[in-house]
Trainee: 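One structure follows; several queries about it will come next.
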Amino acid sequence: MKAPARPPLKARLRALLRPPRTLSVTKTGRTYLVVTFGVGLGALNTGNNLLYLLLGLLLSMVVVSGVLSERCLRDLTVRRVGADAAFAREPFAYRWAVSRKKGHGFALTFSEDLSPLTGTGKLGHLSAGKEHIVRADLAAPHRGPVRLSGVRVTTTWPLGLFAKTRVFSLEGTLLVYPRRGYACKEPGPAEKGPRGESGSPRHLDGTGDVAGLRELAPNEDARRIHWLKSAAAGRLLKVEREREERRIWKLALETGLTGDALERRCEEVAAQAHQLLDAGHEVGLQLPERALRPAAGASQERRILQALAWVGFEGVDAGTDSREAA
């Protein structure tokens, strides 16, 4: 089992001791600094005033770049919106909300700080007084809860010489579902069925495929009249549909699984549940320490995915507070 998302002690100490702004040199910036250093050497060796003037201009651009990039990162307010559903080793949509009280921001890049999530969101221009939603395609290496500690905002504006970063402290937890892979095995026989509206798929007046048309009998529901066919035939024709066959499956996660075997089994159960629920059946789940009653629909699939995501991480704090930082 891989370690949960809580950052290691070394990373947390590094975050506490980190300065409010970090600065890194881009590839263009390294070239610029080498040229500036060369011009400086030339000015010192030759005493040429023109080289001194050029050196001063190059150094002043470095100062201007630092001042303008700092203005981009000031007065920002960042709020984590998160993801609707995150699956391991699959790109998923992720969002942040950002605004500023005054001024403008340019070339802003957003990412989660000290987390295993990969991917960034970018915003070209941020105007004052309006909240913008920044979207990104992130990826998580494994399922389970991922503890989030902060949001990194980086800008390379205005010259692309340096990348200045500010980290907004935002605690939270992202629950990553198992990857939706292929199910290598069949889910086995149904526990019970058919049930619900069905009775038998051979019976009609259900909500399945169209079985045919017949003339509307007296006192029958007129909502299923096929008006186009009725107009052509000159009498009222009713659409008959097959009744859907709904069965019940109860999937199980065996006890004693660990490591890669547990991961593969979680992915397989998630895939089987998705196939069965998508076909309209009811699915339940038996875990080593709890069970989910059979039910149908998208909400049941979410409950199953959440239960599978927490298997092996029961002792991890599930705190999900996410506060706004400025």
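As a basis for the values below, the full set of heavy atoms in this structure was taken, side chains included, without hydrogen atoms, waters or symmetry mates. For clarity, every value in this text was computed on a predicted model and none was experimentally measured.
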Trainee: Rounded to the nearest 0.5 Å, how far does CG of L53 lie from CG of N49?
Mentor: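 Separation between the atoms: 8.5 Å.
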
Trainee: Start with the C-alpha distance between T255 and L287, add both sets of side-chain angles, then the distance that settles side-chain contact (heavy atoms from CB on, under 4.5 Å), and finish with yes or no.
Mentor: CA-CA 8 Å; T255 58; L287 298 175; over 6 Å; no

Trainee: Do the non-hydrogen side-chain atoms of P158 and S65 ever get within less than 4.5 Å of each other?
Mentor: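 Yes. Closest side-chain heavy atoms under 4.5 Å.
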
Trainee: Within the structure provided, determine whether H142 and R179 are in side-chain contact (heavy-atom separation under 4.5 Å).
Mentor: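 A side-chain contact under 4.5 Å is absent here.
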
Trainee: side-chain contact (heavy atoms from CB on, under 4.5 Å) for E171 and S149? Distances and angles first, verdict last.
Mentor: CA-CA 5 Å; E171 296 289 337; S149 60; 4.3 Å; yes

Trainee: Can you pull out every ring-ring contact (aromatic ring centres under 6.0 Å, His included) where at least one residue sits in residues 20-53? Sequence neighbours excluded, please.
Mentor: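 Output for this query is empty, none listed.
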
Trainee: Against V98, only a single residue in V151, I133, V153, V78 fulfils side-chain contact (heavy atoms from CB on, under 4.5 Å); can you say which?
Mentor: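 Single side-chain contact (heavy atoms from CB on, under 4.5 Å) partner of V98 among V151, I133, V153, V78: V78.
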
Trainee: State, yes or no, whether a side-chain contact exists between Y177 and R302 at a heavy-atom distance under 4.5 Å.
Mentor: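 Side chain of Y177 against side chain of R302, heavy atoms only: contact under 4.5 Å found.
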
Trainee: Which residues pass the side chain to side chain donor-acceptor pair (under 3.5 Å) test with E268, sequence neighbours left out?
Mentor: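 Listed in chain order: R265.
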
Trainee: For residues V81 and L174: do they belong to one hydrophobic cluster (side chain heavy atoms under 4.5 Å, members Ile, Leu, Val, Met, Phe, Trp, Tyr)?
Mentor: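 As far as the 4.5 Å side-chain criterion goes, L174 and V81 are not connected within one cluster.
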
Trainee: Going hydrophobic residue to hydrophobic residue with side-chain gaps under 4.5 angstrom, can you get from L55 over to V35?
Mentor: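 Shared cluster, yes.
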
Trainee: Under a 4.5 Å side-chain heavy-atom rule over Ile, Leu, Val, Met, Phe, Trp and Tyr, are F162 and V167 clustered together?
Mentor: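 Looking at the clustering, V167 is in a separate group from F162.
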
Trainee: How would you list, by chain and number, every residue that makes a ring pair (Phe, Tyr, Trp, His ring centres under 6.0 Å) with H104, sequence neighbours excluded?
Mentor: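 Residues passing ring pair (Phe, Tyr, Trp, His ring centres under 6.0 Å) with H104: H125.
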
Trainee: Just jot down the side chain to side chain donor-acceptor pair (under 3.5 Å) partners of Q306, sequence neighbours excluded, or say none.
Mentor: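 Checked Q306 against side chain to side chain donor-acceptor pair (under 3.5 Å); zero matches.
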
Trainee: Among pairs that include at least one residue of residues 286-296, which meet salt bridge (Lys or Arg N to Asp or Glu O under 4.0 Å), considering only residues two or more places apart or in two chains?
Mentor: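 Listed by first then second residue: nothing to list.
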
Trainee: The criterion is ring pair (Phe, Tyr, Trp, His ring centres under 6.0 Å); which residues satisfy it with F110, sequence neighbours excluded?
Mentor: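 Counting only residues at least two positions away or on another chain, F110 forms no ring pair (Phe, Tyr, Trp, His ring centres under 6.0 Å).
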
Trainee: May I ask you to test the L76-L126 pair for a side-chain heavy-atom distance under 4.5 Å?
Mentor: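 Contact flag for L76/L126 side chains = yes.
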
Trainee: Salt bridge (charged side-chain N to carboxylate O under 4.0 Å, His left out) with E70: which residues, sequence neighbours excluded?
Mentor: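 Expected list: R21, R74, K164.
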
Trainee: Before accepting this row, confirm whether a basic side-chain N of the pair E131/R79 lies closer than 4.0 Å to the acidic partner's carboxylate O.
Mentor: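 Counted as a salt bridge, because a side-chain N and a carboxylate O are separated by less than 4.0 Å.
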
Trainee: Is it the case that the side chain of N45 and the backbone of L41 share a donor-acceptor pair, with hydrogens and angles ignored and the cut-off at 3.5 Å?
Mentor: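 Side chain of N45 to backbone of L41, a donor-acceptor pair under 3.5 Å: yes, one is there.
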
Trainee: Evaluate side-chain contact (heavy atoms from CB on, under 4.5 Å) for R143 paired with L262, printing each intermediate quantity in order.
Mentor: CA-CA 11 Å; R143 68 170 181 88; L262 176 60; 3.5 Å; yes

Trainee: Which other residues end up in the same hydrophobic cluster as V34, if Ile, Leu, Val, Met, Phe, Trp and Tyr are linked when side-chain heavy atoms come under 4.5 Å apart?
Mentor: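 So far as hydrophobic clustering goes, V34 is joined with none.
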
Trainee: Just to verify, which of R147, R80, R152 counts as forming a salt bridge (charged side-chain N to carboxylate O under 4.0 Å, His left out) with D113?
Mentor: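 Exactly one candidate clears the test, R152.
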
Trainee: Determine whether S230 and R235 make a side-chain contact, defined as any pair of heavy atoms from C-beta on separated by less than 4.5 Å.
Mentor: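 Not in contact.
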
Trainee: Please check if the side chain of T155 supplies one atom and the backbone of C72 the other of a donor-acceptor pair under 3.5 Å.
Mentor: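 Side chain of T155 to backbone of C72: no pair is present.
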
Trainee: Does one side chain, of W96 or E112, offer a donor that lies under 3.5 Å from an acceptor on the other?
Mentor: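 A donor-acceptor contact under 3.5 Å links the two side chains.
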
Trainee: By side chain to side chain donor-acceptor pair (under 3.5 Å), which residues pair with D84, not counting sequence neighbours?
Mentor: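 Partners of D84 by the side chain to side chain donor-acceptor pair (under 3.5 Å) criterion, ordered by chain and then number, come out as R95.
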
Trainee: State, with a plain yes or no, whether a side-chain heavy atom of V283 is found less than 4.5 Å away from one of Q275.
Mentor: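 They are not in side-chain contact.
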
Trainee: Check whether any side-chain heavy atom of W310 sits under 4.5 Å from a side-chain heavy atom of P145, and report yes or no.
Mentor: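 A side-chain contact exists here, since the closest heavy-atom pair is under 4.5 Å.
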
Trainee: If two hydrophobic side chains count as joined below 4.5 Å and joins carry through other members, does L23 share a cluster with L59?
Mentor: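 Yes, L23 connects to L59 through the hydrophobic network.
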
Trainee: Going through the checks in order, is the side-chain contact (heavy atoms from CB on, under 4.5 Å) test met by E267 and R89?
Mentor: CA-CA 11 Å; E267 294 174 2; R89 288 178 282 176; 2.6 Å; yes

Trainee: How about F92 and L138: do any of their side-chain heavy atoms sit closer than 4.5 Å?
Mentor: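 SC-SC contact between F92 and L138 confirmed.
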
Trainee: Do L73 and L159 share a hydrophobic cluster (ILVMFWY, side-chain heavy atoms under 4.5 Å, transitive)?
Mentor: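 The answer is no; the residues belong to distinct hydrophobic clusters.
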
Trainee: By side chain to side chain contact (heavy atoms under 4.5 Å, CB included), which residues pair with K122, not counting sequence neighbours?
Mentor: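 Partners of K122 by the side chain to side chain contact (heavy atoms under 4.5 Å, CB included) criterion, ordered by chain and then number, come out as T109, T120.
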
Trainee: Hydrophobic cluster mates of W157, side-chain heavy atoms under 4.5 angstrom, ILVMFWY only, any path?
Mentor: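 Same cluster as W157: V64, L68, F106.
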
Trainee: Should the pair R247-E282 be classified as a salt bridge under the 4.0 Å nitrogen-to-oxygen rule?
Mentor: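 Looking at E282 together with R247, the answer is no, because their closest N to O distance does not fall below 4.0 Å.
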
Trainee: By side chain to side chain donor-acceptor pair (under 3.5 Å), which residues pair with T165, not counting sequence neighbours?
Mentor: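 Once residues adjacent in sequence are excluded, the partners of T165 under the side chain to side chain donor-acceptor pair (under 3.5 Å) criterion are T154.
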
